[in-house]
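In this chain, residues are counted from 1 in sequence order. Note that ligands are numbered from 1 as they come in the structure, with each ligand's atoms numbered from 1 the same way. Values below: every heavy atom of this structure, side chains too, minus hydrogens, waters and symmetry copies.
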Amino acid sequence: MKLNEALQHQTLIGDGAMGTLLYSYGIDHCFEELNLSHPEEVLNVHKAYVQAGADVIQTNTYGANYVKLQRYGLEDQVKEINSAAVKLAKQAADPETYVVGTLGGIRGIQKQAVSLDEIKRSFREQLYCLLFEKVDGLLLETYYDLDELLTVIEIARKETYLPIIAQVSMHEPGVLQDGTSLTGALKQLEDKGASVVGVNCRLGPYHMIQALEEVPLPEKAVLSAYPNASLPGFQDGRLVYSTEPGYFQKSAQALYEQGARLIGGCCGTTPEHIEAIAAKVKGKKPIEKKDVPVKQPEAIEVAERENRPPHLHELASEGRSIIVELDPPKRLNTDKFFEGAKALQEAGVDSVTLADNSLASPRISNSAMASIIQSKYGINPLVHIACRDRNLVGLQSHLMGLHTLGITEVLAVTGDPTKIGDFPGATSVYDLSSFDLIHYIKQLNKGISFSGKSLGQSTSFSVAAAFNPNVRNLNRAVKRLERKLSYGADYFISQPVFNQQQIIETYEATKHISAPIYIGIMPLTSLRNAEFLHNEVPGMSLSPDILERMENVNNDREKAQAEGIAIAKSLIDTALDLFNGIYLITPFLRYEMTVELTHYIQEKTKERQERKVTDGIHII
Ligand SMILES: Cc1cc2nc3c(=O)[nH]c(=O)nc-3n(C[C@H](O)[C@H](O)[C@H](O)COP(=O)(O)OP(=O)(O)OC[C@H]3O[C@@H](n4cnc5c(N)ncnc54)[C@H](O)[C@@H]3O)c2cc1C
Ligand code: MET
Ligand SMILES: [Zn+2]
């Protein structure tokens with residue numbers, strides 16, 4: 001009987017974990033490579049599961065794809081590893097055992113880390129190897145990213161009529177990380193052509209049963225569940241799972257009652273777990289009717305924005321907008337910073353932006369300073385958020401904190417690496433890149449956490465992204481900008497630009513983009529400052545002409561500052577014709593410089609408006 005047919009009449013038992021079982025024997029490297037170097041170990045695991053009563057066993061190929069094998073330098077052995085895996089599983093199988101070829105998900109929470117194109121290539125290669133060895137079906141498991149799973153099912157369905165078992169993994173019971181409900185996700189998998197749809201890994205039986213309680217029986221496909229043995233514990237530096245086959249057996253009965261027809265185990269499970277569930281549900285006639293309580297989707301409160309200033313992307317879309325960076329101090333004396341913030345507010349800037357430990361050097365927390373200047377001076381602060389210093393937990397918590405403080409303007413950057421900062425030995429976290437951070441902040445705007453859970457309320461962040469025109473290949477930087485836009489960026493803020501021609505080129509290269517760009521202008525303070533920026537700050541370059549002008553006023557602080565302002569003004573003259581948004585960067589808390597430039601921009605803008613009106617009258 002074919003696998004599909006068998007699933008119409010009876011409950012089948014899947015196998016349990018391969019990876020964690022091998023790990024518990026002390027094996028701690030690429031598990032899939034063992035198909036070649038230690039085939040007997042893999043064979044014994046398969047045999048133990050068959051002996052325990054598994055009807056469906058899976059090849060040891062969870063990570064046997066180009067992308068994952070590359071991490072071990074084994075990417076050229078995809079074919080050998082997969083083909084050996086199928087042979088080993090078949091060798092262990094009884095005549096009535098089904099051997100399914102496993103293809104594991106690649107993406108975790110980061111979408112940006114591996115592109116769908118790379119995933120497609122890698123998946124196809126592994127798929128062909130498994131199909132060539134004549135498996136009885138395919139098991140696509142541990143997919144956190146629904147887009148990824150839908151993409152690969154489409155590929156597999158074009159290549160084979162064999163049963164496809166498609167399983168997602170959830171961080172939170174009942175929802176995927178993008179907030180799609182489990183029911184909605186399984187329906188999409190079914191519609192794409194999966195024969196069995198279900199869940200595996202990450203959660204133990206308790207949460208998996210809870211999640212399946214809300215899932216109706218699929219119309220065409222059947223349900224599967226491969227829970228972990230338990231939630232993982234952490235002991236002596238290792239992940240451990242509870243080993244209570246009796247509890248797992250009881251859970252298998254509950255999964256069966258929720259309509260699962262293929263029940264196996266994922267991480268932490270052993271042949272004892274499989275033996276226990278086989279004793280309870282193997283061969284049982286599947287349930288054909290299931291009542292699912294009608295659940296109203298939780299209403300998400302929309303964040304209140306009454307009496308709030310317009311978002312910066314709105315301002316710059318409509319007309320002139322000036323934002324000024326004033327970075328929190330590196331030392332604890334804050335007087336000058338607050339004086340600067342007050343002066344900038346009085347000068348009429350639309351926002352004061354606060355960097356997040358730029359150049360990877362610690363400063364007073366920008367959210368603390370932003371909150372103070374907001375409440376004390378009525379400033380609309382823009383908080384930069386670097387992915388370098390906070391992991392996923394810290395980032396989400398930070399953003400929830402900013403929302404609670406009423407701070408809605410943020411700039412999402414990957415962040416300068418720690419190697420260049422005060423603590424070269426510190427880790428750069430980079431759980432996310434700026435792309436993913438933009439995406440997840442926009443997810444918070446829908447009231448959904450990074451892991452897909454409802455937050456009960458939506459945030460209302462306006463998300464800026466960084467744009468660096470100071471590169472050799474401007475078109476590549478523009479491509480990055482377009483990708484940031486596709487991840488949800490509302491507008492862009494550029495690195496400071498130091499020559500007029502570059503401002504024009506930047507405009508020409510970006511004029512097709514509808515999102516506003518705030519063009520960066522930073523007044524220079526001295527020759528040393530200019531040389532430092534030119535030679536030491538990644539990506540920044542000053543024109544020879546500007547370096548020469550600063551050299552001419554070297555050793556005179558006043559003159560140098562005046563020359564810095566004059567240079568900035570001439571750059572502003574060019575920028576005003578081409579960009580609505582101007583982003584001034586205050587050097588060394590010398591706010592009098594950016595206040596002066598703010599007034600200059602305001603005057604010039606006014607002159608231009610008046611000229612426009614006059615010109616208009618002439619035309620009429
Ligand atoms: C307006 C603005 C504000 C900033 N504020 C901060 C801050 O508060 N804190 C801080 O630490 N840093 C800050 N930075 C610096 C920023 O993190 C780095 O300049 C970074 O390299 C570019 O921005 P990103 O982080 O969005 O990088 P992303 O565009 O996300 O790029 C990530 C990495 O990819 C690489 N990369 C970037 N561009 C290219 C390219 N064209 N081709 C190939 N590879 C590329 C680089 O290695 C980069 O680090 C800011 C930059 C700007 C423009
Ligand atoms: C990381 S989920 C588990 C993958 C695979 N089925 C294994 O048990 O090794
Ligand atoms: Zn698992």
As a test of reading the model: which N/O atoms of the protein lie under 3.5 Å from N/O atoms of ligand 2, and at what distance?
| from | atom 1 | to | atom 2 | distance (Å) |
| --- | --- | --- | --- | --- |
| ligand 2 | 6 (N) | Gln58 | OE1 | 3.3 |
| ligand 2 | 6 (N) | Glu141 | OE2 | 2.5 |
| ligand 2 | 8 (O) | Met18 | N | 2.9 |
| ligand 2 | 9 (O) | Gly19 | N | 2.8 |

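Between the choices Arg472, Arg480, Gln495, Arg363, the shortest heavy-atom distance to atom 19 (O) of ligand 1 belongs to Gln495. The closest non-hydrogen atom to atom 13 (C) of ligand 1, taken over Asp389, Leu411, Val413, comes from Val413. The residue from Thr414, Asp436, Asp356 that puts a heavy atom closest to atom 27 (O) of ligand 1 is Thr414.
Remark: side-chain polar atoms of Asp15 are not paired, donor with acceptor, to backbone N or O of Ala54 under 3.5 angstrom.
Residues Thr61 and Thr102 come closest through the heavy atom pair OG1-O, 2.6 Å. The two residues Ile109 and Phe450 come nearest to each other via the heavy atoms CD1-O, 3.4 Å. Residues Leu485 and Ala515 approach most closely at CD1-CB, 3.6 Å, considering heavy atoms. The two atoms that bring Ala509 and Val478 nearest to each other are O-CG1, 3.5 Å, heavy atoms only.
Ion pairing between Arg238 and Asp28 fails under the 4.0 Å rule for side-chain N and carboxylate O.
Side-chain contact check for Asn35 versus Leu88: some heavy-atom pair is nearer than 4.5 Å. Within the 4.5 Å cutoff, the side chain of Leu140 has no heavy atoms near those of the Leu127 side chain.
Listed by chain and number, Cys201 SG, Cys266 SG, Cys267 SG are the protein N/O/S atoms closer than 2.8 Å to the Zn ion (ligand 3), with waters left out.
Annotation: Tyr72 is not in aromatic contact with His29 [ring centroid separation under 6.0 Å not met].
Residue Tyr583 places a heavy atom less than 4.0 Å from ligand 1. Distances from ligand 1 to the non-hydrogen atoms of Lys484 include at least one value under 4.0 Å.
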Donor-acceptor list for residues 43-53 side chains, cut-off 3.5 Å, not counting sequence neighbours:
| from | atom 1 | to | atom 2 | distance (Å) |
| --- | --- | --- | --- | --- |
| Asn44 | ND2 | Glu40 | O | 3.2 |
| Tyr49 | OH | Ala17 | N | 3.0 |
| Tyr49 | OH | Ala17 | O | 2.6 |
| Tyr49 | OH | Thr269 | O | 3.3 |

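Considering backbone and side-chain N/O atoms, Gly415 comes within less than 3.5 Å of an N/O atom of ligand 1. When only interatomic distances are considered, the shortest N/O to N/O separation between Arg476 and ligand 1 falls below 3.5 Å. Polar contact with ligand 1: present for His384 (N/O pair, distance under 3.5 Å).
Relative orientation of the Tyr144 and His171 rings is parallel, given thresholds of 30° and 60° on the angle between their planes.
By the neighbour-count criterion of 12 heavy atoms within 6.0 Å, atom OH of Tyr430 is densely surrounded, having more than that number from other residues, nucleotides or ligands.
Close approach of ligand 1 to Ala355 is summarised as follows: ligand atoms under 4.0 Å from at least one heavy atom of the residue are 8 (O). Of all atoms in ligand 1, numbered sequentially from 1 with element shown, those under 4.0 Å from a heavy atom of Ile493 are 1 (C), 53 (C).
Checked by atom type, the side-chain pair Asp327/Thr586 shows no donor-acceptor distance below 3.5 Å.
In this structure, the side chain to side chain contact (heavy atoms under 4.5 Å, CB included) partners of Lys111, at least two apart in sequence or on a different chain, are Arg107, Asp145, Asp147, Asp436, His439, Tyr487.
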